[in-house]
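Numbered from 1 within each chain, the chains take letters A, B, ... in sequence-line order. Because the structure is a prediction, the values reported are computed rather than measured.
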Number of protein chains: 2
Amino acid sequence: MRLLLVEDEQALRDSLSQRLRDEGFAVDEAGDGPEGLYFATEYPIDLAIVDLGLPGFSGMSLIEQVREQGLTVPILILTARGNWEHKVAGLEAGADDYLVKPFVVEELLARVNALVRRSAGWAQAVIRSGPIELNTKSQEVLVGDESVELTSFEYKVVEYLMMHAGEVISKTRLTEHIYQQDYDRDSNVIEVFIGRLRKKLDPNGSYKPIETLRGRGYRFRLDSQ
Amino acid sequence: MRLLLVEDEQALRDSLSQRLRDEGFAVDEAGDGPEGLYFATEYPIDLAIVDLGLPGFSGMSLIEQVREQGLTVPILILTARGNWEHKVAGLEAGADDYLVKPFVVEELLARVNALVRRSAGWAQAVIRSGPIELNTKSQEVLVGDESVELTSFEYKVVEYLMMHAGEVISKTRLTEHIYQQDYDRDSNVIEVFIGRLRKKLDPNGSYKPIETLRGRGYRFRLDSQ
DNA sequence: ACTCTCTGTTAAGCCTGTATTAATCCGTTC
DNA sequence: GAACGGATTAATACAGGCTTAACAGAGAGT
């Protein structure tokens with residue numbers, strides 16, 4: 001999952017982005033509104049964290065401009081204690097949630113996770129397709145009743161695919177959402193990972209959770225059952 | 001802790017509630033959905049255990065109605081083996097965890113404790129995983145019947161891990177919860193402590209209570225027995 | 001002052017993931 | 001049906017994370 005963090009205070013930005021990366025997110029950083037807008041429009045962000053206390057109200061106008069462009073990316077705003085009119089304005093401008101500073105980092109992480117899931121259309125922490133069950137909290141994957149060991153990249157790939165089950169995901173899109181920076185075009189890491197995943201998620205080849213759409217990408221099976 | 005047990009089968013309900021009381025819980029008992037709903041809305045329940053196999057789908061609608069009222073009480077559902085579509089429907093309706101019948105009572109207790117602790121955010125006195133038992137009040141740790149001497153830092157580490165058993169805990173998260181302020185990034189204290197803990201908690205290496213998730217962190221085993 | 005225990009550092013070595021390469025397979029197009 | 005290009009898969013190299021032992025320094029207790 002790729003996040004955008006817009007925060008002018010360097011120290012806070014550093015520690016937050018570091019922590020978010022530790023928790024497995026790819027993080028783009030911006031120090032002001034315009035820079036944030038650039039990332040939000042040029043890169044496929046899964047969620048934006050925007051400090052409304054940026055100098056010159058640029059956080060506010062960032063949200064407005066992002067929404068004017070028709071982007072539906074979930075936005076979490078940070079406001080200073082006491083400035084509840086900012087918070088209200090932010091929500092009205094199209095933010096999805098807010099957090100009052102100072103906050104416990106874990107609270108931020110919890111909300112980020114919830115928002116990401118919610119925006120993908122999953123209310124619970126458990127996502128499933130047929131016999132495959134993914135727990136975003138324990139990062140455990142079950143196939144039937146068996147727990148399957150996934151490495152951290154394998155996990156990121158399934159998570160992204162399952163969160164967008166039923167959609168065609170191009171390989172570029174997958175890399176962009178999973179890797180911190182742009183990746184070598186002529187590498188076939190993704191294919192390799194898809195291959196490993198298929199083996200682990202569907203060892204006897206009966207369920208075929210990941211379809212290949214030649215030239216277009218992959219599609220995770222969306223299966224209620 | 002006050003539990004609500006909704007189970008139509010008299011014998012099972014009696015034995016379960018007895019056992020739960022032995023473990024120190026106050027238990028309200030209901031035999032069907034409507035009765036359960038009454039308790040859930042009229043009394044301050046900390047956790048509800050609901051059998052989805054109640055006659056007339058009333059377990060399912062109980063969950064839905066509880067959630068409709070905006071109650072966040074954690075709900076653990078019981079389903080019969082093979083009916084995983086019930087379990088799925090239950091989770092989607094807002095249940096927090098499930099257990100497949102028949103189950104070992106210890107497994108139920110483990111999950112009840114885990115759910116209560118997690119949802120309430122505060123500690124049950126005794127936390128258990130397999131042969132490992134941690135008493136947060138006396139700060140004593142037992143492995144099987146043997147008491148294990150832990151130093152204060154070792155204890156903090158196990159306590160945090162066990163309180164969040166089943167979750168992936170990044171090393172940053174662990175340090176942040178254990179140390180006052182941010183710690184030297186290129187120190188490997190955590191690894192060292194994990195190593196010492198493993199030796200003490202699992203001297204013959206058979207139970208493996210602490211899993212390593214390379215690049216992601218550690219996960220304490222969430223286990224019955 | 002001496003000892004003992006605990007914490008945290010260092011460093012060596014192991015091991016697991018990751019990404020590359022390359023051989024092969026399959027679909028599409030002509 | 002041949003040729004091309006994308007997709008699959010196995011094998012492998014390498015980096016860097018994890019484990020572990022050994023030890024130094026701090027601090028408590030005697």
Side-chain angles (χ1 to χ4, degrees), chain A residues 18 21-24 26 139 141 148-161 168-205 208-220, chain B residues 139 141 148-161 168-205 208-220:
Chain A
Q18 183 55 57
R21 289 197 186 100
D22 284 347
E23 301 298 328
Q139 302 197 358
V141 175
V148 167
E149 292 298 325
L150 297 187
T151 69
S152 95
F153 268 60
E154 287 168 353
Y155 177 80
K156 283 186 200 173
V157 173
V158 211
E159 188 186 67
Y160 192 83
L161 288 178
V168 180
I169 312 290
S170 72
K171 280 181 281 193
T172 340
R173 179 166 163 200
L174 209 43
T175 40
E176 279 175 339
H177 282 270
I178 285 172
Y179 290 96
Q180 189 64 46
Q181 56 258 36
D182 264 350
Y183 230 76
D184 197 0
R185 300 270 163 209
D186 56 348
S187 149
N188 68 345
V189 219
I190 291 299
E191 285 90 334
V192 172
F193 274 90
I194 295 286
R196 286 183 192 155
L197 275 175
R198 291 210 247 241
K199 241 189 245 158
K200 288 192 178 181
L201 297 181
D202 187 32
N204 46 14
K208 302 210 189 305
I210 303 173
E211 293 173 79
T212 301
L213 291 118
R214 185 158 259 260
R216 285 167 289 168
Y218 298 96
R219 183 167 57 195
F220 205 96
Chain B
Q139 301 205 349
V141 176
V148 167
E149 290 301 323
L150 296 187
T151 70
S152 90
F153 268 62
E154 286 167 354
Y155 177 78
K156 282 188 202 173
V157 175
V158 213
E159 187 185 68
Y160 192 81
L161 287 178
V168 179
I169 311 291
S170 70
K171 279 184 280 193
T172 334
R173 181 166 163 197
L174 205 46
T175 38
E176 277 187 9
H177 279 269
I178 285 169
Y179 292 98
Q180 258 37 3
Q181 46 253 56
D182 260 352
Y183 225 76
D184 197 0
R185 299 217 116 265
D186 55 349
S187 151
N188 68 344
V189 219
I190 291 299
E191 285 90 332
V192 172
F193 273 91
I194 294 286
R196 289 177 186 157
L197 275 174
R198 288 209 247 239
K199 246 189 240 157
K200 288 191 178 182
L201 298 181
D202 187 32
N204 47 14
K208 302 208 189 306
I210 303 174
E211 292 172 82
T212 302
L213 292 130
R214 185 162 264 253
R216 286 176 282 176
Y218 295 96
R219 184 169 56 193
F220 205 96

In whole angstrom, what separates A:L174's CG from D:dA7's P? 13 Å

Has the side chain of A:R198 got a donor or acceptor atom that lies under 3.5 Å from a matching backbone atom of A:I210? yes

Taking the side chain as everything from C-beta on, heavy atoms only, tell me whether B:F193 gets closer than 4.5 Å to B:K156. no

In whole angstrom, what separates A:I210's CD1 from D:dT9's P? 11 Å

Just the rounded figure in Å: distance from P of C:dG8 to CD1 of B:I178. 10 Å

Does a side-chain N or O from B:Y218 land closer than 4.0 Å to OP1 or OP2 of D:dT19, or not? yes

C:dT9 phosphate, OP1 or OP2, under 4.0 Å from B:S187 side-chain N/O: yes

Give a yes or no on whether the backbone of B:L213 and the side-chain of B:R219 come within a donor-acceptor separation of less than 3.5 Å. no

Length of the CG-P vector between A:L197 and D:dA7, whole Å: 17 Å

For nucleotides 20-30 of chain D, just jot down a letter per nucleotide in 5' to 3' order: B, S or -, based on protein non-hydrogen atoms under 4.0 Å. BS---------

Salt bridge (charged side-chain N to carboxylate O under 4.0 Å, His left out) filter on B:K171, not counting sequence neighbours, yields B:E191

Listed nucleotide nearest any side-chain atom of B:T151, set C:dA19, C:dT9, C:dT7: C:dT7

Quick one: is A:S152 getting a side-chain N or O under 4.0 Å of the C:dG17 phosphate, OP1 or OP2? no

Residue pair A:H177 / A:A26: nearest heavy atoms and the distance that separates them: O-CB, 4.5 Å

B:E154: which of B:E149, B:K200, B:E159 passes side chain to side chain contact (heavy atoms under 4.5 Å, CB included): B:K200

Between D:dC18 atom C1' and B:R216 atom CZ, what is the distance in whole Å? 14 Å

Between P of C:dC6 and CD of B:E149, the distance in whole Å: 9 Å

Separation of C:dT18 atom P from B:L213 atom CG, nearest Å, is 12 Å

Would you say A:Y179 places a side-chain N or O within less than 4.0 Å of OP1 or OP2 belonging to C:dA19? yes

Phosphate OP1/OP2 of D:dT8: any A:T212 side-chain N/O under 4.0 Å: yes

Take atom CD of B:E211 and atom P of C:dC15, then tell me their distance rounded to the nearest Å. 19 Å

Ignoring hydrogens and angles, are the base of D:dG6 and the side chain of A:R214 linked by a donor-acceptor pair under 3.5 Å? yes

Quick one: are B:K208 and B:D202 in side-chain contact, heavy atoms under 4.5 Å? yes

